[in-house]
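Everything numeric in this text was worked out from a predicted model, so none of it was measured. When a ligand or atom number is given, it counts from 1 through the structure's own listing order.
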Amino acid sequence: MQLAAASGQPSPSRLGTRVERLPLARYTTIGVGGEAEIWFVETLEALAEAVEQPYRILGGGSNLVIDDSGVPERVIRLSGPLAKADLTPDPELSDPASGLIVTGWVGGGTPLPGLLRKLQALGWSNLEGTVGIPGQVGGSVWMNAGTRFGEMFDGLHTIEIVTPQGVRQVTPDDLNWGYRNSDIPRGHIISRVRLKLQQSTPEAVRERMEQADAARKGQPKMKTPGCAFKNPGGVSAGLLIDRAGLKGEQIGQARIAPEHGNFIVNLGGATAADVLGLLRLVRGRLAPELSGPLELEYEIWPEEAAADLR
Ligand code: EPU
């Protein structure tokens with residue numbers, strides 16, 4: 001297999017998939033990252049073509065730091081039908097008597113916030129604890145994104161996974177999932193999922209969303225990938241960083257948020273190097289008081305840019 005050319009014209013798709021060379025910074029919430037060839041993939045067939053060469057899958061970019069030099073692989077962005085949700089209850093899998101709803105297919109590229117608004121309006125419960133997560137469905141499932149009020153695996157029935165070896169469907173019971181971890185290997189693409197929801201009322205779902213939302217009130221509103229580190233042993237990493245006096249530390253244009261120690265924010269014009277510098281600073285300072293190294297919640301592209309942080 002050959003890597004896509006690092007510059008110049010994008011390689012064309014046989015199936016007419018839109019391919020463009022673009023700065024990745026615009027696809028990440030922290031707003032850093034160099035260029036790559038992006039494949040805007042709309043169907044399973046197009047996805048099968050896209051994974052014929054070395055690739056990376058780009059979700060909502062909300063938990064991702066991309067190196068300033070970009071990545072040489074093609075970057076897949078699920079679009080069109082693979083970024084839409086069919087919420088029609090599946091008659092074979094749903095059970096109106098008990099209020100169980102299993103939806104049609106929800107594309108991995110579907111933005112999570114809009115999906116949650118629709119579920120709230122329908123009064124369908126199970127995923128409202130994930131409110132406030134800015135990502136897409138695929139990435140959120142891959143990392144089992146969540147808050148203290150709930151996580152993605154609270155509402156999943158089937159997960160469809162695409163790799164160069166083909167397409168397969170699994171259920172949560174097939175996976176050894178846990179806190180911020182789906183057990184799905186890196187690089188496996190979550191193309192679509194079916195949601196497993198419980199009939200409730202719009203009011204009850206809204207109330208629980210508001211509760212979960214209230215817990216985020218103190219979080220920074222600036223460009224950020226969200227929490228940098230997983231909570232070690234259930235203790236808030238933000239609290240530990242705060243206690244170590246690291247809030248407000250700055251490298252270049254990246255800063256540890258004064259509002260919450262586990263957030264790094266881009267003050268405007270930050271580079272990946274600035275962000276990685278802060279991650280190393282925090283890990284180094286907290287090392288003496290922890291039994292193991294703090295584990296990153298972010299993905300870093302390419303992995304070699306921060307091998308020491310894994
Ligand atoms: N705290 C401090 N200083 C700080 C940060 C926190 O004193 O700088 C204290 C808070 O006052 C609170 C406690 O630590 O008493 C816990 O803080 P918080 O409620 O913010 O929870 P967290 O464990 O730091 C987790 C998730 C967040 C999620 C919140 C709210 C992780 C790594 N973080 O944070 O998720 O929004 O709960 O549900 O699990 C994310 O995953 O990207 C993320 C932001």
From the candidates I256, N262, L239, L240, the one that places a heavy atom nearest atom 1 (N) of ligand 1: L239

Any N/O pair G261/ligand 1 closer than 3.5 Å: yes

Donor-acceptor contact below 3.5 Å, side chain R280 vs main chain L309: no

Heavy-atom check, side chain of I241 versus side chain of N262, under 4.5 Å: yes

Partners passing salt bridge (charged side-chain N to carboxylate O under 4.0 Å, His left out) against E151 (at least two apart in sequence or in another chain): none

Of the listed options Q219, M143, E151, closest to atom 28 (C) of ligand 1 (non-hydrogen atoms): Q219

Cation-aromatic face contact R18/W39, 6.0 Å, 45 degrees: no

Atom 13 (C) of ligand 1 - nearest protein heavy atom and its distance: S236 CB, 4.2 Å

Of the listed options R180, H260, R148, closest to atom 26 (C) of ligand 1 (non-hydrogen atoms): R180

Residue, atom name and distance, where the atom is the protein heavy atom closest to atom 41 (O) of ligand 1: E297 OE2, 2.7 Å

Test item: W142 and E299 side chains (from C-beta on) under 4.5 Å apart, heavy atoms: yes

For atom 27 (C) of ligand 1, the protein heavy atom that lies nearest, with its residue and separation: C227 SG, 3.8 Å

P225 N/O to ligand 1 N/O under 3.5 Å: no

L87 and W124: CA distance, side-chain angles, deciding distance, side chain to side chain contact (heavy atoms under 4.5 Å, CB included) verdict: CA-CA 10 Å; L87 294 180; W124 294 356; 4.2 Å; yes

Within-cut-off N or O pair, Y179 and ligand 1, under 3.5 Å: yes

Any M209 side-chain heavy atom under 4.5 Å of Q120 side chain: yes

Heteroatom proximity flag, F263 to ligand 1, N/O under 3.5 Å: no

